[in-house]
Amino acid sequence: MISPQTFHVVSTELVVGAFSVSGLSFLFCLLLHLDILKKTDWKPMFDNVAHFTLVFGLAATPFAVLSGLSSAPGEGLNSPILVNKMFLSMTGMGFAIGVFASRWRLGQNVWATSKTTVLHSIAGLAACGSMLLTASAGGTFLRNESLLDVLSLPYDAVLLFPTAISGISLALGLGLLVLGWLRMNAVSSVH
Amino acid sequence: MNLNRRIYIVLFLSLLLVTSTYGAAEPGGNGDATRDMQCGGACHGDASLNETSMATLTLSSSSTVYAGIPTTITLTATNLSSSSTGVVGFFLLTDTTGHSDTPQDAGWEVLSDSNGGAANYVEQTLSSGQSETSVSWVIRSSETGTTPFFAAIHHGGSSSPFFGVTPSGYSVEVSEVPENLPRLSPDFVPQSKRILDVPTELVLQTEFAESVQVQWKVEGGAVMSAQVNSSGENLWSATLPAALQPSSLQWRAILQGDGPEQTTPWFTLTAEEAGWEAEEFAVYLQAFALLFLIAGAVIALQSRLVPPPESSKYDQTDLLPHPIDAAPAVESVIDDLSDESDVAPLPAGGLPNGWNEDQWRWYGHDYLAGKYGGGQE
């Protein structure tokens, strides 16, 4: 039986590795679809890689979050870094779910216009960025140093909303999710 | 991929390899914890890359150690050097195999270390030019017998990590405790942490003690006495003054009874700011709100921006028979054909055989041009 700490290391390595490749592929997708990089035959390859690694990382993320909670020293969320890690990983998951659902339901239409391309690629890159920041916060928590220390990120400060605001945001998010899903179904069912 | 590009890529990768620096250590340290020797080979990345430390490590302890009674074991390190960070890590071990070699693995408890924790591995940050230091642990064994103790050191250097270990074990012999020796209870575990601005009430459980004195000191200060009250049979309490800033003090108890007077080791008590706390429900609620809000926003925005689908090439609904009630509309179009200037004029005999008005409307000119067997009439 492996310890939660070891399991957390394994799962976070999977998450960070997968999201890093995904982020790089989304960057290529953005450059290719905006014709900055003129290699048309690369488009399907980076499209596939970006979304496959995104889904892989997304599948590993809950394991990383749960093992992280159980392997943290002390009881509960006793450090602002842990809270920021939670927020960042959930933000990354939100972006990843949005990107994956869009690509799943809308197909190649996500690359149809420059606006949809930019939105899709930026959301994919944001998912990657959030996960890398989460990993950086983990390094700061565990070893008091991280590769992103050069940015002097305020991991010790927590922006915690009042419960009411969070509740409203949650309801709004669920509403947007349902609305977007129905609209995507309407679009995708025409074909 | 042409040859030039391949050469450039190989050169670029070679340049990256050449310019990278090789760092196997963790210059920030790993933090105090219960660790095997060299953290099982993990602290410095690869234990085989360590160079031998020039530090001299010497262990010492009191000559008489009784089972169930805490004792102090002190490591004195001299001839020290370190990396620019000054971080040095010290291990207290019971063998040097690299696994299951902590005092806990040999049946000892680490009750306190000089950093205020209870770990066999502690780190210190040396000041510039400092070449000597000492670390102490308060340990306790419930079993009699002889245990060899080893000390090890980890530190950085100009380019490589360093490791050193005492060449031979320092034997600590644990004897059976005399029956009437005044002592702390074998179940007593000293408090190692406290928060700022709050006096600390020490509660001591003892055996065979008729009176107890508690002394405390801060680093570099005089030894002070705390008032001790009996709060029950073999139960004593003493109050230590509050700390106003993060710091540590040491305290010990002097126990008197029928047997010889006993003085406990110095226990370290570290004062820290009150731990950070957040309401877990609020944190989880906000985390899930972020998840759903962002996912919902991306999906809603993308579904709005995606252009409406073009009619499919497989969409042939316009070829379906028209509903009956639409017939008058078709007729009205036919009626209007003669009014449209781009419709070819009908031949004198009317529509050619087999033609209808709609065909004439679109292909009338071609008929008149002779493409369908007709011609100018």
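Order of the sequence lines sets the chain letters (A, B, ...), proteins ahead of strands, with each chain counted from 1. From a predicted model like this one, the values you see are computed outputs, not experimental measurements.
At least one donor-acceptor pair under 3.5 Å links the side chain of Q286(B) to the backbone N or O of L159(A).
To the nearest 0.5 Å, atom CG of residue N109(A) and atom OG of residue S303(B) are 11.5 Å apart. Taking CZ of R183(A) as the reference point, atom CG of L301(B) lies at 9.0 Å (rounded to 0.5 Å). For the atom pair CZ of F292(B) and CE of M90(A), the computed distance is 8.0 Å after rounding to the nearest 0.5 Å. From I299(B), atom CD1 reaches atom CG of L106(A) across 9.0 Å, with rounding to the nearest 0.5 Å. Rounded to the nearest 0.5 Å, atoms CD (E280(B)) and CE (M86(A)) are 8.5 Å apart. Interatomic distance, S169(A) OG to L285(B) CG, rounded to the nearest 0.5 Å: 8.5 Å.
Applying the 6.0 Å contact sphere to CZ of F52(A) captures no more than 12 heavy atoms from other residues, nucleotides or ligands. Within 6.0 Å of atom CD1 in I36(A), more than 12 heavy atoms from other residues, nucleotides or ligands are found, so the atom counts as buried in its surroundings. Counting heavy-atom neighbours within 6.0 Å of I7(B) CD1, excluding the residue itself, gives a total above 12.
The shortest heavy-atom contact between L177(A) and A295(B) is CD1-C, 3.8 Å. Across all their heavy atoms, F281(B) and T163(A) have their closest contact at CE2-CG2, 3.6 Å.
Of the two parts of T113(A), only the side chain, counted from C-beta on, holds a non-hydrogen atom closer than 4.5 Å to a non-hydrogen atom of chain B. V158(A) touches chain B through its side chain: at least one heavy atom from C-beta onward sits under 4.5 Å away, while N, CA, C and O do not.
With chain B as partner, the option from I122(A), L142(A), V83(A), L170(A) having the largest number of non-hydrogen pairs under 4.5 angstrom is L170(A).
Side-chain contact between V283(B) and F87(A): present, with at least one pair of heavy atoms (C-beta onward) separated by less than 4.5 Å.
Across I294(B), L291(B), V298(B), a single residue satisfies side chain to side chain contact (heavy atoms under 4.5 Å, CB included) together with I97(A), and that is L291(B).
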